[in-house]
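One structure below.
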There are 2 protein chains.
Amino acid sequence: MEKVTPRTLSGFMELLPERQVLFDKMVEALRASYALYGFTPLDTPLIESSEVLLAKGGGETEKQIYRFTKGDSDLSLRFDLTVPLAKYVALHGNDLTFPFRRYQIGKVYRGERAQRGRFREFYQADIDVIGDGTLDIINEAEIPSIIYRCFDTLGLKRFVIRVNNRKVLNGLFELLGVGGKAGDVMRTIDKLDKLGREKVLGLLENDVGVPEDVARRIVDIITCQDTGADPIEKLGEYRGRNAAFDLGLEELATVTKYMSAFGVPETHFTVDLTIARGLDYYTGTVYETAMLDHPEIGSICSGGRYDNLAGYYTDRKLPGVGISIGLTRLFFVLEDQGYLNGALLTAPADVLILPMTEDRAPAIALATMMRQEGLRVQVYSENKKFKAKVSYADKLKIPFAVFLGEDEISQDLVTVKDMATGAQTTASAAMVTAAVKAKISGLREGAPVKEPQK
Amino acid sequence: MEKVTPRTLSGFMELLPERQVLFDKMVEALRASYALYGFTPLDTPLIESSEVLLAKGGGETEKQIYRFTKGDSDLSLRFDLTVPLAKYVALHGNDLTFPFRRYQIGKVYRGERAQRGRFREFYQADIDVIGDGTLDIINEAEIPSIIYRCFDTLGLKRFVIRVNNRKVLNGLFELLGVGGKAGDVMRTIDKLDKLGREKVLGLLENDVGVPEDVARRIVDIITCQDTGADPIEKLGEYRGRNAAFDLGLEELATVTKYMSAFGVPETHFTVDLTIARGLDYYTGTVYETAMLDHPEIGSICSGGRYDNLAGYYTDRKLPGVGISIGLTRLFFVLEDQGYLNGALLTAPADVLILPMTEDRAPAIALATMMRQEGLRVQVYSENKKFKAKVSYADKLKIPFAVFLGEDEISQDLVTVKDMATGAQTTASAAMVTAAVKAKISGLREGAPVKEPQK
């Protein structure tokens, strides 16, 4: 037969079994974290009508979309989980109860130029809370605690959640007389991280046309935390001059106030007035999350408050707040830095039973009994030498091998080998099962991420 | 803003929250069942190069494929999970340990004409065991026990697993002198269910050209179980006349022999010589699974043994055995028949906390504490009347509502309402949490499927 060379498309993640298990454990950690906050799981099609998916217009994204026809239909693959959510809520709104809290973990598609760390098919893990007409500020205050819970459950400890408020920024620009240039000012201060203070000041003056003293004042205010000042106190000096600013400042104070009740340690939360996040969509609190030891990676979980989820589908006003974790990228970033927990049990089975007799019935019956007890058991079935059988357990890192020969069967015993220590014990099937269960439950513990010790 | 009418493509499943939770519980039940048998989870891209995906040639399937170009690439969406597995094993074979046991639960795409019960995007839940060169018959014997475990865990009780062996059928046709017409004979007897004995006999004689006495004998043999005969005993009469037949018969006997050790009750397993399953791919044991009370639905889990998984990619001989459950179709079939367990906890949260004071800190701190205990908790945040707040818990079927007013806070107590019974209790937060945890753990039990009582 003529052969076709098997290959996987560039930019598409395909993992070997051990890494797949680690990835799945990350998904599971996020699912469990989201569920604790009362979010319901959602699953929407990967394909939508192009008319529906691109209703908002795509801009930069539109070029990257996988769009094609099938029969008479103009179809597109989803490029994020927000547009499908907007469609879902607009379409099924009458069957939903608001505030509607959903999480969705799924693949999205963007035909970006493939390069290291860039994926064309990747997982996003999103949550959103959608209100019907209104949505209380408490929902914005709750988000950092969910971010904290997610990363803490994943096993990441050294990170910080940075919070800002778009109303504060817009209001500040207005009350300083540069409200008409808010968009450009925002885009420019967003580069503080990369370009530094002096260059940004130059750009604000020369490119955006902000008077020198105003530019300096803006940069002084939004970087006040660098000099040890409390940003909320600092902003207080400008209170009473602009309604949007005052509201934003109050929101920021509320979000900050509830952090300890939400269980977010002070070390993991900060108000950072330089966080801008996108330009038109967000209208209130905005979030970024940074790894303390790897600021170069940028934000690993971002989001914010928006006023209108589905304006291009419905007149119903649907304000919301949400965050997104780019899970595929995060996985590769963590792996690159040696942050994946190699000690985790990734074997496909807890126990490998090696039958030593021609009749496999006793081995199979033992496996059936152990599975009833919740153990993951494989009966090694191939006709290989003893050494090859044990090596199978070794290669797959199966923690326990059970030998069942004539002697054991006649005495109603089994022999178990702890593959990690090499220790071998012969005892009744019930005793071995209980002992293995106890040890496995210890091995199953542990988070998928483990930061290297310094 | 001009509006686009939101819609979901026909043939694409999109569930409301309660049903989504039930569907997810079905997925979880299959995952847990597969894992008990030592299968490792796999995830492969939804998009593959068309050259790779269609290497085998598609026949009927090819017309249904979602195929498109992006830049210079000719791409296709996967239409099953078997071809991606073949590619995976051919590509990564040197990094895998054989027998390689994987499960995969994922979406596949077929542009079928949309009609009731037909989906264009649907979940398949597959397992396969792949050997390197050889694969022991024990793997074929194990499959019915996995099918049994899957449906039993899902909550389906009244079903039967039907098993046959392709070598037996092929060998039988050969030794009866119609081996050259095996394909046509197979296709014809496959219609016994639909057309009945007399019509099939007519077709065998007139269309396929099988002599009358041979046709009668074939039909007599393969339907012998209908007259109470033991098929394996009956087939024994033909032993010693054809090597393939003898091997197949031995395999069938082995598979049957181990059923009780594998924990499959006699009521749920039968040898059925009329099961043919496809034509070229399968080479040994084949499986079908039928609901006893709904035979009209056809097989809900099918598969079999094959000799060469990836012949179009590699010279390496990779025999295997696998089964597939069409999960999306199964979900709708079960729902149509009222088989979904409506008593299951599908609420997004276990507890809804209703803060009765302006300061939400006590409510939030209580929620944080309850989440630490593993409860799924939502703080109701909107500024609504008391009745609307309680109705929110009601609509979402959240089992417990907790009220936290000035009185409770000053006395360090909380009031909890069991939404099902209406019973209301005031006690310490710790006591309420413990009581709710105990009740929730009861509510979380139960399978997603529950057969109607007759």
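Lettering follows sequence order; numbering is per chain, from 1.
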With a 4.5 angstrom heavy-atom cut-off, which part of A:L16 approaches chain B: side chain, backbone, both or neither? both

Heavy-atom proximity to chain B below 4.5 Å, by part of A:D350: neither

Whatever's closer than 4.5 Å to a heavy atom in chain B on A:F122 counts as neither

Is it the side chain or the backbone of B:L352 that comes within 4.5 Å of chain A heavy atoms, both, or neither? neither

Could you tell me whether A:D95 and B:K395 have a side-chain N and a carboxylate O separated by less than 4.0 Å? no

What part of A:F39 gets closer than 4.5 Å to chain B, counting heavy atoms only: side chain, backbone, both or neither? backbone

Heavy-atom distance under 4.5 Å to chain A: side chain of B:Y66, backbone, both or neither? both

Salt bridge B:K107-A:D43, side-chain N to carboxylate O under 4.0 Å: yes

Heavy-atom distance under 4.5 Å to chain B: side chain of A:T5, backbone, both or neither? backbone

What residue in A:R67, A:R101, A:M13 has the most heavy-atom pairs under 4.5 Å with chain B? A:R101

Determine yes or no for a side-chain-to-main-chain donor-acceptor pair under 3.5 angstrom, with B:E14 supplying the side chain and A:P45 the backbone. no

Worked verdict on B:R31 versus A:D24 for salt bridge (charged side-chain N to carboxylate O under 4.0 Å, His left out): CA-CA 12 Å; B:R31 241 190 231 139; A:D24 288 4; over 6 Å; no

Per-residue contact mode, A:Q20 against chain B (heavy atom under 4.5 angstrom): side chain

Side chain, backbone, both or neither: which part of A:T134 has an atom under 4.5 Å from a heavy atom of chain B? both

Relative to chain B, which segment of A:R149 carries a heavy atom at a distance below 4.5 Å: side chain, backbone, both, or neither? side chain

If you count heavy-atom pairs under 4.5 Å with chain B, which of A:K257, A:R7, A:H92 comes out on top? A:R7

Considering all heavy atoms, the nearest A:L36-B:R371 contact: O-NE, 3.1 Å

Given heavy-atom pairs under 4.5 angstrom as the criterion, report whether the side chain, backbone, both or neither of A:I398 touches chain B. neither

Measure distances from A:L46 to the heavy atoms of chain B and classify the residue's part below 4.5 Å as side chain, backbone, both or neither. both

Using 4.0 Å as the upper bound for N to carboxylate O, is an ion pair formed by A:E142 and B:R360? no

Side chain to side chain donor-acceptor pair (under 3.5 Å) between A:T8 and B:K87, intermediate numbers included: CA-CA 8 Å; A:T8 298; B:K87 184 214 73 175; 2.7 Å; yes

What residue in A:T254, A:I137, A:L375 has the most heavy-atom pairs under 4.5 Å with chain B? A:L375

Side chain / backbone / both / neither for A:F98 at chain B, heavy atoms under 4.5 Å: backbone

Between A:Y88 and B:P17, which heavy-atom pair has the shortest distance, and what is it? OH-CD, 3.3 Å

So which part of A:E121 gets closer than 4.5 Å to some heavy atom of chain B, the side chain, the backbone, both or neither? side chain

Is a donor on one side and an acceptor on the other found under 3.5 Å between the side chain of B:T368 and the backbone of A:A261? yes

Parallel under 30°, tilted from 30 to 60°, perpendicular over 60°: which one fits the rings of B:F68 and A:F68? parallel

Is it the backbone or the side chain of A:L96 that comes under 4.5 Å from a heavy atom of chain B, or both, or neither? side chain

